[in-house]
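To keep things clear, I will list the structure first and then write my remarks on it.
One-based numbering, in listed order, for ligands and for the atoms of each. Bear in mind the structure is a predicted one, so any value in this text is a computation, not a measurement.
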Amino acid sequence: METPPPSITVPFQLSLTEGRIAGQATVPSGLVTITQMLPSLQQLASNLINATVEAAAAQGIEISCRKGCGACCSQLVVISLFEAEFLANWIRSLPEIQQSLLRDRFHHALLSLKERGMLELLDPDTWGDSEEERQNLSMTYLSKKVPCPFLVEQSCGIYPIRPLICREYLVTTDPANCVAPLPGKVTVLPIPLRLSRPMYEIGARLEGSNRGWIPLVFLLAWMRGNMTPGDHVTGTGPELLHQVLSQLERADRDENAAD
Ligand code: SF4
């Protein structure tokens with residue numbers, strides 16, 4: 001069994017428009033790539049989200065998402081380049097029979113999207129940048145009812161390593177409304193600290209674009225390029241944590257300046 005790299009627990013303070021937030025994260029102590037940091041960032045994301053869920057529960061707001069309800073897993077899920085690399089490495093580590101099964105599932109999903117006229121709409125070069133255009137694209141994608149290739153018997157087949165964006169999507173309304181969502185019928189718990197966002201932005205800087213992500217359904221096609229974006233964003237665990245959290249603060253400032 002591989003020995004985990006030495007780790008260190010780092011306290012941090014975030015200055016957000018809503019106030020200061022203190023926390024801590026356990027990260028690798030030595031030099032790593034940002035992709036190798038993902039297990040620590042996933043854990044931090046889950047801790048931050050759990051704190052938000054507990055605060056909501058104290059106000060009588062309950063999360064309705066349950067194991068075995070995969071209704072939201074037919075959405076357009078976008079993952080940062082680093083999460084793409086992380087999942088690609090995980091897939092390559094699987095026995096060939098499981099890799100082949102996943103290849104079939106991704107192929108089937110892409111074929112279904114093609115048959116339903118969605119594939120050409122997913123060409124990133126033709127996507128608009130406005131929030132309204134993104135929402136429309138997401139609603140169109142959802143209407144095609146093509147489940148995520150990782151969804152197995154209505155549960156996430158990669159739950160412990162699922163993307164950050166999936167962790168951040170928590171519904172508070174009746175799960176029945178998620179099956180065929182109508183405007184205003186599905187309410188999502190606002191997550192003030194979304195780590196998916198700085199990861200997209202760090203990826204966008206690297207790419208020199210305004211995205212830094214790929215649709216999850218393109219993961220196996222992306223893998224064929226053998227790209228290793230994490231190799232271009234390296235540092236010690238505490239340095240990379242600082243980079244991600246600084247980006248999070250910047251995103252928070254920009255979002256609130258735009259309101
Ligand atoms: S990765 Fe898991 S949680 Fe995310 S959409 Fe796919 S099945 Fe659902």
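No hydrogens or angles considered: a donor-acceptor pair under 3.5 Å links the side chains of R167 and S46.
The residues R205 and E201 are annotated as not salt-bridged, no charged nitrogen and carboxylate oxygen being separated by less than 4.0 angstrom. Using a cutoff of 4.0 Å between basic side-chain nitrogens and carboxylate oxygens, R103 and E96 are scored as salt-bridged.
For ligand 1, the atoms lying closer than 4.0 Å to a non-hydrogen atom of P163 are 1 (S). Interface of V77 with ligand 1, defined as ligand atoms under 4.0 Å from a residue heavy atom, comprises 5 (S).
For atom 2 (Fe) of ligand 1, the closest non-hydrogen atom of the protein is C156 SG, 2.4 Å. Atom 8 (Fe) of ligand 1 has as its closest protein heavy atom C73 SG, 2.3 Å.
In terms of heavy-atom proximity, V32 sits nearest to L240 at O-CD1, 3.5 Å.
Side-chain contact between F12 and L245: present, with at least one pair of heavy atoms (C-beta onward) separated by less than 4.5 Å.
Atom 4 (Fe) of ligand 1 lies under 2.8 Å from an N, O or S atom belonging to C166. Taking 2.8 Å as the criterion, C148 counts as a coordinating residue of atom 6 (Fe) of ligand 1, since one of its N, O or S atoms falls below it.
Residue contacts with ligand 1 for P149 are absent, since no atom lies close enough (heavy atoms, distance under 4.0 Å).
A cation-pi arrangement is found for R162 relative to Y159, the charged atom lying closer than 6.0 Å to the ring centre and inside a 45° cone about the ring normal.
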